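Data block below; observations after.
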Amino acid sequence: MTRYEVAIVGGGPAGSALAWLMARSGASVLLLDDGRHRPSAPRETLLAAAEAGLQRAGLWQFAAAAALPDAFQHGAIWGSDELVWREPGQNGLLLQRGAFDEALRIAANAEGVVRIDGARVQTIDASGEALTFVAADGRSHTIACDRLVLATGRRPRSDLVPLQERHRGPETAAFSLCGTSETASHTAVVEAVPQGWWWWIGDGEGGGAATLLCCMQEVAECGARPLLAAALAAARGPVAQLRDPRLVHATRATARVVETTANVLLCGDAAATIDPLASQGVEKALAAADHAAAVLRTARDHPAWWPTLREQHARWERGLFAAHAQTSQAFLARETRFVEAPFWRRRLVAASPPPPVPRERLQVAAEVVESEVFVRAGDQFAPVAGARHTTTGDAMSHIGYVPVVPVLRAFAQPRTLAEATAFAGHDARLFVLPPQVVYAAAVVLHQQGWLKGAPSGATSH
Ligand SMILES: Cc1cc2nc3c(=O)[nH]c(=O)nc-3n(C[C@H](O)[C@H](O)[C@H](O)COP(=O)(O)OP(=O)(O)OC[C@H]3O[C@@H](n4cnc5c(N)ncnc54)[C@H](O)[C@@H]3O)c2cc1C
């Protein structure tokens, strides 16, 4: 049986980038892809803002070599009937999915990754150290590995490993139409309509693709074609100018977070699928590969840390998902013209205000324990003092630059925020910080449920 240090199932942006990074770190890597191209949309963009974050690991260059510069004019019809063009700035990348993914796999292969296309994974051993797959020629193979990664995209494979859904957004469907457009083939525009929102992206050659993101329940109630017809009739921007539209693709696009108890790492959309409104799924897939590579490199040197590092990666995916969900909510809330339409009604949930700053005495919640947590140190992770919430699995070492442990210790006895901030100054790590920053960190700990109101009658110290 052939043994690899890392076996990766799924050769999309997350899987290919991780394979490439691990091969560059000297690991023997197997990359299995089933070769069933399932594009999200015919064309996608990687925003220029992603460059700074991806450059350090070489991932921007990795993606840029497989893509075209995005010289399209970008705009939005959102919150008003007017098409507002974005100021021209630095170019992002234009991704012709399919060709882009194939170029990434070729680059990984050139770096020494063993690439097998058309592979159908049949079973994953409960140990996470072996899998069987059927190759394109119909023959079955079993391979062994030290670490197994699933980067299989947003369609979960619960037949391979147990999966638990941790968060799920409103059920969303995506329908892509292709056609011709004399005027808009060099543009990319998002447009809100009562049925959802359109993502128009030209092909630079007299045509383009319009993808409608809409409510799955409404599709079930009205039928896809009538809903598409209504959304086309409501469009005012480039989608309204689309000629001879033909349906080329339909997919689920529901945002969700999935976790597993199996001894495997979930990476990219397989772990967390963000709302397509962010236009950052590929960026997140590449950043997830960077994070997962650091996890795998650390586990290679410290195998005993593997379970904690695996949890760390799941937490990272979850944290990024939560941040994206907040940004998408804020963007959705800027559209106020269609609040009664089902798509918008199901998504425009009123943000609950943060709890008021408490005046009573607080103490550390019973579920919070001090424990080592890992922080990124170059290409690997290193353990530092921190704390963990045993129910949510959340863990942290710092809030901004404030170390969490001494702040929690200031609430080992019931204290008000002001009392604890004054007490915390006795610890050298907090003495050097402005008291208002320590106070603000304690407020955050309270908002996250790490500090709770002390029972009445508790005395302060
Ligand atoms: C409508 C829409 C528009 C979008 N537009 C954008 C955009 O403009 N910009 C952007 O950044 N993001 C966009 N996204 C999100 C983006 O497409 C995804 O986030 C991104 O592709 C995730 O990459 P991934 O590698 O995790 O998964 P995927 O790209 O899904 O790759 C998974 C790979 O695994 C393979 N696979 C699956 N199962 C198996 C198996 N059992 N065995 C072997 N191989 C398997 C698949 O064939 C595929 O090659 C959009 C999404 C949607 C729905």
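Note that these values count all heavy atoms, side chains included, but never hydrogens, waters or copies made by symmetry. Note that this is a predicted model, so its numbers are computed, not measured. Whatever order the structure lists ligands and atoms in, that order sets their numbers, starting from 1.
- Salt bridge annotation for Asp269-Arg155: absent, with no cationic side-chain nitrogen under 4.0 angstrom from a carboxylate oxygen.
- Among protein heavy atoms, the minimum distance from atom 39 (C) of ligand 1 is reached at Asp34 OD2, 3.3 Å.
- No donor-acceptor distance shorter than 3.5 angstrom exists from the side chain of Thr254 to the backbone of Glu171, with no hydrogens or angles considered.
- Set against the non-hydrogen atoms of Gly268, the atoms of ligand 1 under 4.0 Å away are 26 (O).
- The main-chain N or O of Ser127 is found under 3.5 Å from a side-chain atom of Asn263 such that the two form a donor-acceptor pair.
- Judged purely by atom type and a 3.5 angstrom limit, Thr2 has no side-chain atom pairing as donor or acceptor with the backbone of Ile143.
- Note: an N/O pair closer than 3.5 Å links Val282 and ligand 1 by distance alone.
- Taking any N or O of Ala14, backbone or side chain, at least one lies under 3.5 Å from an N or O belonging to ligand 1.
- Each of the following atoms of ligand 1 lies closer than 4.0 Å to a heavy atom of Ala151: 32 (C), 33 (C), 34 (O).
- Regarding atom 12 (N) of ligand 1, its nearest protein heavy-atom neighbour is Gly281 N, 3.2 Å.
- Ring geometry, Trp78 versus Trp197: the interplanar angle exceeds 60°, so the pair is classed perpendicular (tilted spans 30 to 60°).
- Against a heavy-atom cut-off of under 4.0 Å, Ala285 is close to the following atoms of ligand 1: 23 (O).
- Geometrically, ligand 1 and Arg157 share a nitrogen or oxygen pair separated by less than 3.5 Å.
- Within the listing of ligand 1, atoms 53 (C) sit less than 4.0 angstrom from a heavy atom of Ala253.
- Around atom CZ of Arg236, no more than 12 heavy atoms belonging to other residues, nucleotides or ligands sit under 6.0 Å away.
- Nearest to atom 48 (C) of ligand 1 by heavy-atom distance, out of Asp70, Thr172, Asp33, is Asp33.
- If you number the atoms of ligand 1 from 1 as listed, the ones under 4.0 Å from a heavy atom of Thr45 come out as 7 (C), 8 (O), 9 (N), 10 (C), 11 (O).
- The contact set between ligand 1 and Thr211, taken as ligand atoms under 4.0 Å from a residue heavy atom, comprises 1 (C).
- With respect to atom 18 (C) of ligand 1, the closest heavy atom belonging to the protein is Asp269 OD2, 3.3 Å.
- Side chain of Arg154 to backbone of Ala270: no donor-acceptor contact under 3.5 angstrom is found.
- Nearest residue to atom 38 (N) of ligand 1 from Thr152, Leu266, Leu18 is Thr152 (criterion: closest heavy atom).
- Heavy atoms from other residues, nucleotides or ligands lying under 6.0 Å from CD of Gln326 number 12 at most.
- Listed by number with element, the atoms of ligand 1 under 4.0 angstrom from any heavy atom of Gln280 are 10 (C), 11 (O).
- Note on Arg3 versus Asp146: salt bridge recorded, some NZ/NE/NH1/NH2 to OD/OE distance being below 4.0 Å.
- Seen from the ring of Trp316, Arg318 does not count as a face-on cation partner, given the 6.0 Å and 45° thresholds.
- In terms of polar-atom proximity, defined here as any N/O pair under 3.5 Å, Leu160 makes no such contact with ligand 1.
- In this structure, Arg345 is not positioned above the aromatic face of Phe343 in the sense of NZ or CZ being under 6.0 Å from the six-membered ring centre and within 45° of the axis.
- Gly153 CA, 3.4 Å is the protein heavy atom nearest to atom 30 (O) of ligand 1.
- Nearest protein neighbour of atom 52 (C) of ligand 1, counting heavy atoms only, is Ser40 CB, 3.3 Å.
- The six-membered or imidazole ring of His291 lies near that of Phe381, with a centre-to-centre distance under 6.0 Å.
- When only non-hydrogen protein atoms are considered, atom 7 (C) of ligand 1 lies nearest to Glu44 CB, 3.4 Å.
- Near Gly11, the atoms of ligand 1 lying under 4.0 angstrom from a non-hydrogen atom of the residue are 33 (C), 34 (O), 49 (O).
- Considering only non-hydrogen protein atoms, atom 34 (O) of ligand 1 sits nearest to Gly10 CA, 3.2 Å.
- In terms of N/O distances under 3.5 Å, ligand 1 is approached by Arg36.
- Taking atom 21 (O) of ligand 1 as the reference point, the nearest protein heavy-atom neighbour is Arg97 NH1, 2.8 Å.
- With salt bridges taken as basic N to acidic carboxylate O contacts below 4.0 Å, none links Arg310 and Glu259.
- Comment: Glu367 does not engage Arg388 in a salt bridge, judged by the lack of any side-chain N to carboxylate O separation of less than 4.0 angstrom.
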